[in-house]
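Notes follow once the structure below has been shown.
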Amino acid sequence: MGRLFYLIGQGFENVLKNKLMFIASVFIITTTLIMLGIFTIVGENANALVEQMKSEQRMQVWLDGDLASDKTKEVGEKLKKVQGVDEVVFRSKKETIDNMRELYFDESTIALTDGWEDTNIYATDSYIVTPHDLTMGKKLQEDIEKIDGVNRVAFQEETFTKISKIADIIKVVVLIILIFLIGLSFLVISNTIKLGLHARRKEINIMKYIGATDNFVKTPFVIEAIIVGLIGALVSWLVTIALYDIFKSVVMSNQILFEPLTLDRQILTMNVIIGTIISCFACLSSINKYLKV
Amino acid sequence: MIEFVDVHKTYEGGVEAVNGVNFYIDKGEFVFLTGPSGSGKSTLLKLMIREEKADSGQIILNNYKVVTMKDKHIPYLRRSIGIVFQDFRLLPDKTVYENVAFAMRVVRSSARQIRRQVPILLSLVGLSARAHNYPNELSGGEQQRVAMARALANNPLVLIADEPTGNLDPENAWEIMRILNEINMRGTTVVVATHAEDIVNKMQKRVIEIDKGRIIRDQKHGSY
């Protein structure tokens, strides 16, 4: 155990004795992880935005004009049981007419709507239905129209399909770019660690000549790589979150109708995992060639 | 102590560095390996410490069968040998004290043993006052003395030196040889590969001369 503490201590000592290389390595790892963090934030928020748009797509199920209230309720219950329906909200005829007045008429023209409650044949009781899957809109429409009491189903089929496709494309593009950036991070971090080891290959050789085992030589270097990866991960996390907080405050202050996600923990976890594991792995995989003396 | 039995070593490209070498070095001997550049002196030393592996034959060193031993045992072989190189090979970011102590750390010596032994070794090579200096703060002669102290850290039965005076001026060179002689007088077997003609001539130790990978002379009290 004492030997292990000694070797870990040597790892920390190596960091202090090779300050320039340590700073350079941390800088490179930090920069790489900031890029990855920013893209992750952009990607996650893009996905969330599209999901929000999807969830705002509704179908309006218009009922027959002369439907009794108990029958109206019965239709509502049947709608809830239709496969593919997430949510069902009742909208009365009065609500619909009030809504139309608010959207399409002003003070000078509102008088035109007098008596609509009795004369408007287009505004009836209705249900606002939220579909689970936008691509199944057409089938859902057909299933709902079979229900007794339903007059017609209104929804923008083209919009449903487009939004659904966009959501899928964004998911795939984000994933591909994320995989690419993770691969790039691996390459950059890995090469940074390897360069550091290469610069100290003579030192590694000397230890082997004196009779040090491979593990005795490797351990301090692995500890050093983990420290570099961890500090790079933490610094990049702090910078990324600070930038994101600035972005969030801009969004909030401009009343943009989208709430950015909270991703602090995810970014930290991703950075720590990628930073430390890649550093450690890169060290272990590249130190071996310097041990062969 | 050290035995070479029909050892052959050919490098890539067909260079026969060692060609059927046989010799025996007994415990407590002081032996010079001499010969022109490229004769195979350094290769012999590399074969002893398994930096290179012989193609055939056997090398017995401190009861280790060096040619056939597994790679994982090489560190243990090297711990039983003290090695001194022409270019010193000190750890640049460790002090003189830490460089010598490192050799003891490798064999799991306790902190107490290290605290006791290192000052004795530094005193032996006359560098007690330089314990806290770094290698780049020392002269060539001082660095080589640190290397020797490190080589002695684990009380090796054999000390191997590859051109230990190659980078030193005559005064420091003789100082190194004086220390090596003193080490030998205490019972350690010493093997020195060298070009230093005047040192070999003056010390009159056993000389094994090598040329083109073969031993051409083995003389008890020889000259260069």
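Letters go in sequence order (proteins before strands), and every chain restarts at 1.
- Between B/Phe85 and A/Tyr209, the angle of the ring planes lies from 30° to 60°, which puts this pair in the tilted group.
- Proximity to chain A involves both the backbone and the side chain of B/Arg105, based on heavy atoms less than 4.5 angstrom apart.
- Only the backbone of B/Leu90 comes within contact range of chain A, with heavy atoms under 4.5 Å apart.
- Under a 3.5 Å cut-off, the side chain of B/Tyr134 and the backbone N or O of B/Leu91 do not form any donor-acceptor pair.
- A donor-acceptor contact shorter than 3.5 Å links the side chain of B/Asn154 to the backbone of B/Ala103.
- Note on B/Glu98 versus A/Lys17: salt bridge recorded, some NZ/NE/NH1/NH2 to OD/OE distance being below 4.0 Å.
- Contact annotation for A/Asn18: only side-chain heavy atoms (C-beta onward) come within less than 4.5 Å of a heavy atom of chain B.
- Using a 4.5 Å cut-off between heavy atoms, B/Phe88 does not touch chain A at all.
- Not one N or O on the side chain of A/Glu203 forms a donor-acceptor pair closer than 3.5 Å with the backbone of B/Pro92.
- Interface remark: A/Phe216 contributes side-chain atoms only to the contact with chain B (heavy atom separation under 4.5 Å).
- Only the side chain of A/Asn14 comes within less than 4.5 Å of a heavy atom in chain B; its backbone stays farther off.
- For A/Thr40 (side chain) and A/Leu36 (main-chain N/O), a donor-acceptor pair under 3.5 Å exists by modelled atom type.
- If you measure heavy-atom distances from B/Lys72 to chain A, you find no contacts under 4.5 Å at all.
- In this structure, B/Arg78 and B/Glu51 have side chains that are in contact, with non-hydrogen atoms separated by less than 4.5 Å.
- Within the 4.5 angstrom heavy-atom criterion, only side-chain atoms of A/Ile206, from C-beta onward, approach chain B.
- In this structure, the portions of A/Lys208 lying under 4.5 Å from any heavy atom of chain B include both its backbone and its side chain.
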